[in-house]
There are 2 protein chains.
Amino acid sequence: MAKKVKNNKRQLILDEAAKLFKAKGFGGTSMRDLGAQVGMEAASMYNHINSKDEILEIICFHVSDTYISQLAQIEQTQASYVDKIKALIHLHIRLMIEDGAAVSVANNDWKYLTADKLEAFKQARKNYEKGFAALIEQGIAAGELQPVNTSVALFTILSAVRWVELWYRPGRGITAEELEENIMTLLLNGLAK
Amino acid sequence: MAKKVKNNKRQLILDEAAKLFKAKGFGGTSMRDLGAQVGMEAASMYNHINSKDEILEIICFHVSDTYISQLAQIEQTQASYVDKIKALIHLHIRLMIEDGAAVSVANNDWKYLTADKLEAFKQARKNYEKGFAALIEQGIAAGELQPVNTSVALFTILSAVRWVELWYRPGRGITAEELEENIMTLLLNGLAK
DNA sequence: CCTACCGATCGGTAGG
DNA sequence: CCTACCGATCGGTAGG
């Protein structure tokens, strides 16, 4: 029971930290800012977390773990390469909408991870990118996709979904489904007629 | 003569600041870090610039001014809408390659501008986006482009070119021209066959 | 979970 | 352009 309460507070700290890090950056967010948001003195939060660095760590690896496990699942399906890539785009958009603050932090503030965690994170991201790129490459080889440069295609896709968080606001003219449909059309069929 | 030297130092400070802000963020870069990079004590730099905030200001508005004046030029040409949009994509990629540090700072650290400059910057960006969106809208109306959501198309394009800076390294497998060709193909014709 | 406080570092100024 | 320094704020600890 005490454990439950402790975990709730801990999760609250992590959630509020993700929002603040997204809004003001890791360096721009002080433990006193975070305490004010959580409703606690800065010093008190150290009963729930070990350090400011640890907060960033937990957020970043939570996100990268999610992407990596989902990629593994998608790789195992029997779908076409086009559909596998669509599933990955869908995953990115969905995570952006559902857990945008954490995803933003993992995208922008990962560089402030401490040395060893930084290496681990970069490696995890590289592995994810390699897996994604392999699907594109195989899709081209299978004749499903245009013969573009694989890296360019990979990063164009990753970038295109990345900024959903910055300008998409639910209930402002376009639904999540319409958003996804439009992005899919653009990436797969292009803007020109 | 004395003025010339002063301006050179000032420009050096601005250039090194852009690199450091890009690498470590505005908040993560101290005036002492910057001084070390420039070859000066932190205090000495205040003979060339007024404040750390001013450095960020100059970098951000230099970039937004460039985009806005180039957009105005492109708008006045007689080219088709597709070609105008291609010209804008070309502009973004070229600026990313030529002045990537400053562009990155304007993209990521603008939020640390002081209140009034922040408003001005957001307004400038909004104006640019409106002008870009208008070209897409007119291109759709003219039947040159697919009838996708204009905002989605705009931000997908802006995002897709934005991350060139993060992964493109000259001389590593692909030239700037090939990069541009590939991005154009993807955005205009799509990935699917 | 709070008060009180630590050493370090910050942006910036004074004075030369 | 440097030395010396300011008040403020930082992440974190001690002790209760």
Side-chain angles (χ1 to χ4, degrees), chain A residues 1-21 23-60 105 109-118, chain B residues 1-21 23-60 105 109-118:
Chain A
M1 211 47 160
K3 189 73 187 302
K4 183 78 177 300
V5 168
K6 187 177 168 189
N7 281 340
N8 282 344
K9 280 285 180 196
R10 182 182 153 99
Q11 196 54 52
L12 178 63
I13 290 168
L14 294 172
D15 289 345
E16 295 301 324
K19 289 187 215 165
L20 284 178
F21 290 172
K24 315 204 283 177
F26 179 71
T29 302
S30 73
M31 291 302 282
R32 286 156 180 84
D33 290 337
L34 180 54
Q37 205 65 30
V38 171
M40 221 183 256
E41 289 302 315
S44 303
M45 289 187 293
Y46 289 86
N47 289 302
H48 301 288
I49 49 98
N50 291 315
S51 66
K52 190 185 178 192
D53 287 332
E54 189 199 45
I55 295 176
L56 179 63
E57 225 171 276
I58 295 170
I59 294 172
C60 288
V105 172
D109 288 338
W110 58 269
K111 57 182 169 241
Y112 305 114
L113 287 166
T114 51
D116 57 328
K117 301 294 175 177
L118 179 62
Chain B
M1 212 48 159
K3 189 73 189 298
K4 183 80 178 296
V5 169
K6 188 179 169 188
N7 281 339
N8 282 344
K9 279 286 181 196
R10 182 183 154 97
Q11 196 54 53
L12 177 63
I13 290 169
L14 294 171
D15 289 346
E16 294 301 324
K19 287 187 216 164
L20 283 179
F21 290 172
K24 315 202 286 176
F26 178 71
T29 303
S30 72
M31 292 301 283
R32 285 155 180 84
D33 290 338
L34 179 53
Q37 206 64 30
V38 171
M40 222 183 257
E41 289 303 313
S44 304
M45 289 187 293
Y46 288 86
N47 290 302
H48 302 288
I49 50 101
N50 291 315
S51 67
K52 190 186 177 190
D53 287 332
E54 190 198 46
I55 296 176
L56 179 63
E57 227 170 275
I58 295 171
I59 294 171
C60 288
V105 171
D109 287 339
W110 58 269
K111 57 183 171 241
Y112 305 115
L113 287 166
T114 51
D116 57 327
K117 301 293 175 180
L118 179 63

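Reminder, nothing fancy here: chain letters follow the sequence lines and each chain counts from 1. Here the structure is a predicted model, which means the values were calculated and not measured. Basis for what follows: all heavy atoms, side chains included, without hydrogens, waters or symmetry-related copies.
If you take CZ of B:Arg32 and P of C:dA8, they are 14 Å apart, rounded to a whole angstrom. Rounded to whole angstrom, the span from the CG atom of A:Asn47 across to the P atom of D:dG15 amounts to 15 Å. Distance B:His48 NE2 to C:dG12 P: 16 Å, rounded to the nearest Å. Here the C1' atom of nucleotide C:dG11 and the OH atom of B:Tyr112 are 17 Å apart, to the nearest Å. Here the P atom of nucleotide C:dT9 and the NZ atom of B:Lys24 are 13 Å apart, to the nearest Å. Rounding to whole angstrom units, CG of residue B:Leu56 and P of C:dG12 are separated by 12 Å. In this structure, A:Leu20 places its CG atom 12 Å from P of D:dG11, rounding to the nearest Å. In this structure, CE of A:Met31 is placed 15 Å from C1' of C:dC2, rounded to the nearest angstrom.
The heavy-atom pair separating B:Ile59 from B:Leu14 by the smallest distance is CD1-O, 3.9 Å. The two residues A:Trp110 and A:Cys60 come nearest to each other via the heavy atoms CA-SG, 3.9 Å. Smallest separation of non-hydrogen atoms from A:Leu20 and A:Thr29: O-OG1, 3.3 Å.
Ring geometry, B:Phe26 versus B:Tyr112: the interplanar angle falls under 30°, so the pair is classed parallel (tilted spans 30 to 60°).
Within the model, atoms CE of B:Met45 and CE of B:Met40 stand 7.5 Å from one another, a figure rounded to the nearest 0.5 Å. One distance of note links CG of A:Leu56 with NZ of A:Lys111; it measures 11.0 Å at 0.5 Å rounding.
In terms of the salt bridge (charged side-chain N to carboxylate O under 4.0 Å, His left out) criterion, residue partners of A:Asp33 (sequence neighbours excluded) are, by chain and number, A:Lys24.
Sorted by residue number, the members of residues 34-46 of chain A with any non-hydrogen atom under 4.0 Å from DNA chain D read A:Ala43, A:Tyr46.
Taking a pair as Watson-Crick or G-U wobble with both distances under 3.5 Å, the runs of three or more consecutive pairs in DNA chain D are C:1-16 with D:1-16.
Between D:dT9 and A:Ser30, no contact under 4.0 Å exists linking OP1 or OP2 to a side-chain N or O.
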